[in-house]
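Encoded as structure tokens, the structure appears first; notes follow it.
Below, chains carry the letters A, B, ... as their sequence lines are ordered, and counting in each starts from 1.
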Protein chains: 2
Amino acid sequence: MSKSNRSGSVELSDLLCFDIYSAARAITRAYRPLLATLGLTYPQYLVMVALWESAPRTVKDLGESLELDSGTLSPLLKRLEAAGLVTRQRRRNDERTVEITPTPGGRALLRAAERVPTEMASLMGISGAEERKLRTILGRLTASLDRPADGAPAPKA
Amino acid sequence: MSKSNRSGSVELSDLLCFDIYSAARAITRAYRPLLATLGLTYPQYLVMVALWESAPRTVKDLGESLELDSGTLSPLLKRLEAAGLVTRQRRRNDERTVEITPTPGGRALLRAAERVPTEMASLMGISGAEERKLRTILGRLTASLDRPADGAPAPKA
DNA sequence: GACAATTAGATTGCGTGCTATAGAATTCAG
DNA sequence: CTGAATTCTATAGCACGCAATCTAATTGTC
């Protein structure tokens with residue numbers, strides 16, 4: 001109730017997309033001061049998380065995990081390399097692929113980064129149940145958007 | 001259940017923030033082809049939505065509605081002006097403020113834009129109930145992040 | 001084995017987001 | 001009324017995201 005427009009007009013407060021867009025920016029804003037102590041930006045942090053999970057990883061592999069293409073990753077990885085956190089090396093048996101490996105310094109950063117999720121969690125202030133519900137719905141939404149040939153009802157943009 | 005890490009490690013799949021970050025980018029990706037027919041980017045579309053709602057609006061007012069500052073809005077508004085969609089005019093009785101008004105062409109764009117929310121809705125493919133739940137949780141999350149002095153339990157970053 | 005098609009990354013260009021800074025106009029204090 | 005603080009906008013600089021394009025390397029086909 002209360003979200004239909006009288007005429008065919010559009011209103012910001014009706015747009016689900018705007019809530020998600022706002023939330024995403026609120027999150028990166030909240031991360032910024034935490035990550036600044038590590039010398040990382042938010043996307044750089046995500047790349048390091050992926051590398052702490054398993055390494056070495058190719059640029060393509062990182063791109064698939066984070067849904068980022070080389071246009072974004074190449075310069076980002078160069079900055080991480082310049083910061084001394086990763087190395088970039090062509091694979092011997094396939095010179096097209098570049099393998100990204102954390103340096104000892106990059107691996108050491110994990111210890112300082114371990115407190116970040118906990119601190120963010122307390123800033124977000126939602127319950128475990130809400131979090132599960134949120135992730136379920138967002139997962140469906142993202143999957144639906146990434147595969148437009150989808151049979152589903154019609155919510156509100 | 002199932003989302004705690006054995007040691008103190010961090011994993012991408014554990015990060016709620018990553019789901020929101022992914023969803024936000026999936027949304028702008030999905031909007032892109034729809035908005036391209038209007039000659040707008042996603043943030044430009046949001047600005048026009050705000051202006052279709054009420055006009056003229058000052059830069060500050062738009063910034064508060066969209067949670068964007070002048071560093072983002074000034075160049076964006078200049079591009080909208082260059083595209084012939086808005087005018088920018090200093091207010092007579094307070095030369096500090098700039099009033100943004102849609103041109104006739106900018107107002108006319110509303111008709112072409114009216115189908116956008118409906119098309120996005122069908123792409124997202126979530127139910128009305130899910131949408132309400134999602135917006136409720138996201139609203140709380142964003143509010144909590146924007147006001148760090150908040151007493152709430154501890155979810156997962 | 002040569003040659004077309006494919007694949008992996010890098011580069012370019014544009015439009016955000018955001019911080020920091022600056023500049024002009026207005027308001028406030030005394 | 002005057003100087004200081006405040007407000008509103010613009011600009012500069014940096015780091016994404018993403019489309020488009022390019023190059024080099026590999027694979028597939030004959």
Euclidean distance, atom [atom1] of residue [X] to atom [atom2] of [N] [Å, nearest integer]:
X      : N      : atom1 : atom2 : value
B:L73  : D:dA10 : CG    : P     : 9 Å
A:E95  : D:dA25 : CD    : C1'   : 8 Å
A:R91  : D:dA24 : CZ    : C1'   : 16 Å
B:I100 : D:dT9  : CD1   : C1'   : 10 Å
B:L76  : D:dA10 : CG    : C1'   : 14 Å
A:K60  : C:dT6  : NZ    : C1'   : 11 Å
A:L68  : C:dT11 : CG    : C1'   : 17 Å
B:L66  : D:dT9  : CG    : P     : 14 Å

Given [options], which nucleotide is nearest the side-chain atoms of [X]?
X     : options                : result
B:R96 : C:dA24, C:dT19, C:dG9  : C:dA24
A:D69 : C:dT19, D:dC18, D:dT7  : D:dC18
A:R25 : C:dG17, C:dA10, D:dG17 : C:dG17

Side-chain N or O of [X] closer than 4.0 Å to phosphate OP1/OP2 of [N]:
X     : N      : answer
A:R88 : C:dA10 : yes
A:Y42 : C:dG17 : no
B:K78 : D:dA10 : no
A:R29 : C:dC18 : yes
A:R79 : D:dC16 : yes
B:R90 : D:dC8  : no
B:T41 : C:dT16 : yes

- [ ] Decide, yes or no, whether a salt bridge links B:R90 with B:E95 under the criterion of side-chain N to carboxylate O below 4.0 Å.
- [x]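 Judged by the 4.0 Å cut-off on N to carboxylate O distance, B:R90 and B:E95 do not form a salt bridge.
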Assign [X] to base, sugar-phosphate, or nothing according to its heavy-atom contacts below 4.0 angstrom with the strands shown.
X     : answer
A:E67 : sugar-phosphate
B:D61 : nothing
A:T72 : base
B:T58 : sugar-phosphate

Task: Backbone N/O of B:I126 and side chain of B:E131: donor-acceptor pair under 3.5 Å - done: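 Not a single qualifying donor-acceptor pair exists.
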Open item on the list: Strictly distance-based, threshold 3.5 Å: is any side-chain N or O of B:D19 a donor or acceptor partner for the main-chain N or O of B:S22?
Closed with: no
Open item on the list: Base of C:dA10, side chain of A:S70 - is there a donor-acceptor contact under 3.5 Å?
Closed with: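 Indeed there is one.
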Task: Any side-chain heavy-atom pair of B:V59 and B:T97 under 4.5 Å - done: no
TODO: With B:F18 as reference, evaluate A:V49, A:L138, A:L46 under the side-chain contact (heavy atoms from CB on, under 4.5 Å) test and give the passing residue.
DONE: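 In the set A:V49, A:L138, A:L46, the residue that makes a side-chain contact (heavy atoms from CB on, under 4.5 Å) with B:F18 is A:L46.
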Task: DNA chain D: 5'-proximal contact among A:D94 and B:S74 (nearest heavy atom) - done: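 Result of the comparison: B:S74.
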- [ ] Tell me which of A:Q44 and A:R92 sits closer to the 5' end of DNA chain D, going by the nucleotide each one is nearest to.
- [x]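 Its nearest nucleotide being more 5', the pick is A:Q44.
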Open item on the list: Would you call the rings of A:W52 and A:Y45 parallel, tilted or perpendicular, taking 30° and 60° as the class edges?
Closed with: perpendicular
